[in-house]
K.L.:
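What follows is a single structure, and I will ask about it in a moment.
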Number of protein chains: 2
Amino acid sequence: MNEVKIFCPASVANVSCGFDILGFCLDKIGDEMIIRKTSKPGINITKIVGENLPYESKKNVAGVSGISLLNELSTDFGFEIEIYKGIKSGSGIGSSAASSAGAVFGINELLGKPFSRKELIKFAMKGEELASGSIHADNVAPVLMGGFTLVRDINSLDIISLPFPKKLFASIIHPEIELKTSDSRSVLKQKVPLKKAIQQSANIASLISGLYTEDYKLISRSLIDVLVEPYRSDLIPAFNDLKKTSSNNGSLGTGISGSGPSVFALSKGEKTAKSVTSEMGKVLVPLNLKFHSYTSKINSTGIKLISSR
Amino acid sequence: MNEVKIFCPASVANVSCGFDILGFCLDKIGDEMIIRKTSKPGINITKIVGENLPYESKKNVAGVSGISLLNELSTDFGFEIEIYKGIKSGSGIGSSAASSAGAVFGINELLGKPFSRKELIKFAMKGEELASGSIHADNVAPVLMGGFTLVRDINSLDIISLPFPKKLFASIIHPEIELKTSDSRSVLKQKVPLKKAIQQSANIASLISGLYTEDYKLISRSLIDVLVEPYRSDLIPAFNDLKKTSSNNGSLGTGISGSGPSVFALSKGEKTAKSVTSEMGKVLVPLNLKFHSYTSKINSTGIKLISSR
């Protein structure tokens, strides 16, 4: 095998009460990458379509992730990477995670899979570090492992795959505004009331229970973020209206995807999810704001090979 | 049926990362109560053996809980309660919860079970309120429902029964010191770092996952309390030594039971649990401190009828 074409899905991190620890993988929305072996050692990014991103390997999240993997293995050949972005940078649905995970997944395939999907997370996190300045796995973990993932501890990479009910669908609304990660971060309170911390604990614990027992109502009651959303939501156009509309149209819960500006909702059944997506879209129309919207099932496989030769 | 004799088990609340929301029910350690119908309306406490507690119904947690139940139903008869305490007051293993739950469970039996075990929680919480000054269900919920319970929301009584692996056993060490609830509370920080709140979320989420999947290692890795134990442990004699000894003897995790002074540990298998209990006891011997110790399986049934007539 000398060349792989892969699909690198988008993902939703944070998931309301799962701030910084929970994420899930989307289906269909994503990038494509072609990675091929070359006699020239190292990583060369030869094509980027759809977004204006750096070609220099050390400045590109795919490059950095790939280099990190190659640092653990010695190969006398290298890799050429073509990136076809389907996910907008800065959308909050894991654009950098898709590229980071894509590079290491593709290279791993071409090397005969020396690493498991879970083991690839630590390399992909290097890309995330370049993109955001801090290490986190709540996007790359679901992209690589599929479904819902829980990061118990980032340092020991203690990451758990969670089950989820099969009728769970996501709606995504991406309002095209620029939201700097630094702004999303600066609104966070570094100290929070103990009472709120306990509420967040109770909700994430119940959400996990709901995922195991396929209890949609419990999932719905638990999708509450008392620590971060109250502050970050001000940065997102019409967030409260989007949330209200989503709820009125039958969603289980609505929150900020990653650090925004995308908003996600979870619904039981594709029909409800599609109506939630469409009605949330209508909220943004009067604002004269360009936006993208998607309805997606939860992707239980994660990143995948499209073809190889 | 005019009289019931019931077993009211002890319980462990908080459970490390489950501060204020998680609890589990113990087996064998507990009180007994005899409750009988009387022609005289209201609640009369006629006997208390083993502890020095108020007989006046309105000042006794069993009385207050029973009155709260009777306020919802009109009966032209009343109830007489005898309490045989096996659980020491102020031990941190749910002494007031056992009496509160006992009263409402027994009265409910004598009335032909108009309420479910879950519905009885709100009445038993009145006793807890009298005992501690605040409403909480993390002891009465496991006593009434058995096993592990999660309190998502106390106001709506959104309480979830959790599964647990059958080889899970608890060790309890109760050093006989007086620890005032007000002291246990005053050491708590009312504001906590966001980072710690996230760690606590990650651990409770993982603990729930471990309980569902019977993953003892994950349960062990998750039994960490970064919000409360660091402060409260100073109030408990030799806490760090107890914890270290417990871990060295193979326990999965160790923490403060309720607001202390009892310390609990969880282990896989009765043999390990017994050795953990015994070795933790040895830590307290040189301190010349009176203590009680127990090894108990997790009680999946909760409070139960011993006999009736």
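Naming convention: chains lettered A, B, ... in sequence-line order (proteins, then strands); numbering from 1 in each chain.
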K.L.:
Test B:Tyr212 against A:Ser209 for side-chain contact (heavy atoms from CB on, under 4.5 Å), laying out the working first.
P.N.:
CA-CA 8 Å; B:Tyr212 274 97; A:Ser209 172; 2.7 Å; yes
K.L.:
Around atom NZ of A:Lys217, are there more than 12 heavy atoms from other residues, nucleotides or ligands closer than 6.0 Å?
P.N.:
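At most 12 heavy atoms, drawn from other residues, nucleotides or ligands, come within 6.0 Å of this atom.
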K.L.:
Please state whether the side chain, the backbone, both or neither of A:Ser156 comes within less than 4.5 Å of a heavy atom of chain B.
P.N.:
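Neither part.
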K.L.:
If you count heavy-atom pairs under 4.5 Å between each of B:Ile160, B:Leu227, B:Leu162, B:Leu211 and chain A, which one has the most?
P.N.:
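The candidate making the most pairs under 4.5 Å is B:Ile160.
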K.L.:
Nearest 0.5 Å, please: how far is NZ in A:Lys191 from NZ in B:Lys195?
P.N.:
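Output value for this atom pair is 13.0 Å.
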K.L.:
Quick check for you: to the nearest 0.5 Å, what is the distance between A:Gln199 atom CD and B:Asp20 atom CG?
P.N.:
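Those atoms lie 11.0 Å apart.
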K.L.:
For B:Leu188, which atoms come within 4.5 Å of any heavy atom of chain A: side chain, backbone, both, or neither?
P.N.:
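Side chain of B:Leu188 only, per the 4.5 Å heavy-atom cut-off to chain A.
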K.L.:
Under 4.5 Å heavy-atom distance to chain B, tell me which part of A:Ile159 shows up: side chain, backbone, both or neither.
P.N.:
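Looking at A:Ile159, nothing touches chain B.
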K.L.:
Quick check on A:Leu218 against chain B: is it the side chain, the backbone, both or neither that has a heavy atom closer than 4.5 Å?
P.N.:
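Contact with chain B is through the side chain of A:Leu218 alone.
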K.L.:
Taking every non-hydrogen pair under 4.5 Å, which of A:Ser222, A:Gly18, A:Ser206, A:Gly210 racks up the most with chain B?
P.N.:
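Top option by heavy-atom pairs under 4.5 Å: A:Ser206.
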K.L.:
Return the CD1 to CD distance between B:Ile204 and A:Gln200, rounded to the nearest 0.5 Å.
P.N.:
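Here the rounded value is 13.0 Å.
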K.L.:
Is it the side chain or the backbone of A:Asp158 that comes within 4.5 Å of chain B heavy atoms, both, or neither?
P.N.:
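Side chain only.
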K.L.:
To the nearest 0.5 angstrom, please state how far the CG atom of B:Asp153 sits from the CD1 atom of A:Ile224.
P.N.:
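It comes to 7.5 Å.
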K.L.:
Ignoring hydrogens and geometry, is there a side-chain-to-backbone donor-acceptor pair from A:Arg152 to B:Arg221 under 3.5 Å?
P.N.:
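Between the backbone of B:Arg221 and the side chain of A:Arg152 there is a qualifying donor-acceptor contact (under 3.5 Å).
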K.L.:
Tell me which of these, B:Cys17, B:Ala205, B:Ala197, has more heavy-atom pairs under 4.5 Å with chain A than the rest.
P.N.:
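Winner by heavy-atom pair count: B:Ala205.
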K.L.:
Identify which part of A:Ile21 has an atom lying under 4.5 Å from any heavy atom of chain B, answering side chain, backbone, both or neither.
P.N.:
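For A:Ile21, side-chain heavy atoms alone lie under 4.5 Å from chain B.
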